[in-house]
Participant: 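Dropping a structure here in structure tokens format, bear with me for questions.
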2 protein chains.
Amino acid sequence: MAESTETIFEQFPGGVFPAACSSRVLLDHVMSKWGVLVLVSLTDGPQRWSDLRRRAQGISEKMLAQTLRTLEADGLVHREQQPVMPPRVDYSLTPLGEELAEVLVPLLRWVGRNADAIIGPATS
Amino acid sequence: MAESTETIFEQFPGGVFPAACSSRVLLDHVMSKWGVLVLVSLTDGPQRWSDLRRRAQGISEKMLAQTLRTLEADGLVHREQQPVMPPRVDYSLTPLGEELAEVLVPLLRWVGRNADAIIGPATS
DNA sequence: CCGTATCCCATTAGATACTG
DNA sequence: CAGTATCTAATGGGATACGG
């Protein structure tokens with residue numbers, strides 16, 4: 001799993017990714033506005049629906065549902081429903097999801113470190 | 001610049017990122033469909049408009065222009081116009097952009113490695 | 001060759017209401 | 001608590017045409 005020294009262009013000759021390939025599809029799932037935030041939220045351990053709504057501040061119920069369904073279908077997130085009343089559902093990262101999170105977190109950290117300097121502290 | 005061992009939640013208590021903060025804005029620029037591909041394309045060195053169109057396969061002229069303007073305004077991409085006829089313009093990563101690319105490339109590599117298994121080799 | 005401007009459609013995302 | 005359904009507004013993105 002060690003990263004090689006070749007450029008990403010040697011890994012993927014002829015463009016970053018071909019136009020209509022699986023990588024583009026997965027990239028869009030992962031890099032989606034809410035996909036990133038949900039995945040990174042789950043690095044803190046299994047969480048319930050309402051936890052995720054609090055962590056990914058601003059997400060609507062519709063987008064949370066949609067995002068979770070996509071990530072679950074991709075095998076990145078595991079959904080565990082417990083047949084109790086009131087209902088309780090826990091979401092967690094699969095091993096694959098953990099792997100992804102490991103490369104995602106450094107990116108989030110970098111963004112967090114540099115955003116104020118780049119965008120400005122106030123909302124723009 | 002060494003990564004600490006604290007979780008990203010200690011770095012950003014109370015949610016992954018606040019709802020309306022500079023980090024969310026920058027994240028949206030960087031994680032945009034084309035922003036990622038343009039930034040990673042430029043890790044191969046300075047490139048011209050037509051090079052970028054070829055590298056980021058499928059991008060329209062409109063979106064290339066829009067993406068480049070955003071990334072330039074964010075100080076991630078440098079634009080160098082040479083006053084010749086026909087016009088020649090080179091785009092390159094700024095030091096800040098190089099820094100970002102360093103955390104972006106591992107993500108792209110991971111996506112490239114796993115996309116076929118997750119999404120399926122054919123276009124879905 | 002390197003763009004800009006305009007129009008238009010498809011997708012995304014928010015608000016609201018409702019259910020087991 | 002954990003969602004689904006529907007409707008609408010905002011945005012993203014493609015096609016085309018044009019200009020330096």
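Numbered from 1 within each chain, the chains take letters A, B, ... in sequence-line order.
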Participant: Test the B:Arg55-A:Phe9 pair against the cation-pi criterion, namely NZ or CZ under 6.0 angstrom from the six-membered ring centroid and within 45° of the ring axis.
Facilitator: yes
Participant: Once you apply a heavy-atom cut-off of 4.0 Å, does B:Ser32 come out as touching a base, just sugar-phosphate, or nothing?
Facilitator: nothing
Participant: Base, sugar-phosphate, or nothing for A:Lys33, non-hydrogen atoms under 4.0 angstrom?
Facilitator: sugar-phosphate
Participant: Rounded to the nearest 0.5 Å, what separation is found between the OH atom of A:Tyr91 and the OG atom of A:Ser41?
Facilitator: 13.5 Å
Participant: Can you pull the contact range of chain A along DNA chain D, 5' to 3', using atoms under 4.0 angstrom from its heavy atoms?
Facilitator: D:dC1 to D:dC7
Participant: Between A:Pro86 and A:Arg69, which residue's closest nucleotide on DNA chain D lies nearer the 5′ terminus?
Facilitator: A:Pro86
Participant: Hey, what do you get for CG (A:Leu39) to CE (A:Met31), rounding to the nearest 0.5 Å?
Facilitator: 11.5 Å
Participant: Nearest to the A:Lys62 side chain among C:dG20, C:dG14, C:dG3, which nucleotide is it?
Facilitator: C:dG14
Participant: For DNA chain C, whose closest nucleotide is more 5', that of A:Ser60 or that of A:Met85?
Facilitator: A:Ser60
Participant: Which residue, B:Ala65 or A:Pro87, contacts DNA chain C at a nucleotide closer to its 5' end, judged by nearest heavy atom?
Facilitator: B:Ala65
Participant: Tell me whether B:Asp90 is salt-bridged to B:Arg79, with the criterion being a basic N under 4.0 Å from an acidic carboxylate O.
Facilitator: no
Participant: Counting just side-chain N and O atoms, does B:Arg48 come under 4.0 Å of either OP1 or OP2 of C:dC2?
Facilitator: yes
Participant: Between B:Arg48 and B:Asp51, is there a side-chain N and carboxylate O pair less than 4.0 Å apart?
Facilitator: no
Participant: Would you say B:Ser32's side chain and B:His29's backbone share a donor-acceptor pair under 3.5 angstrom?
Facilitator: yes
Participant: How would you label the contact of A:Arg53 with the nucleic acid (heavy atoms, under 4.0 Å): base, sugar-phosphate, or nothing?
Facilitator: nothing
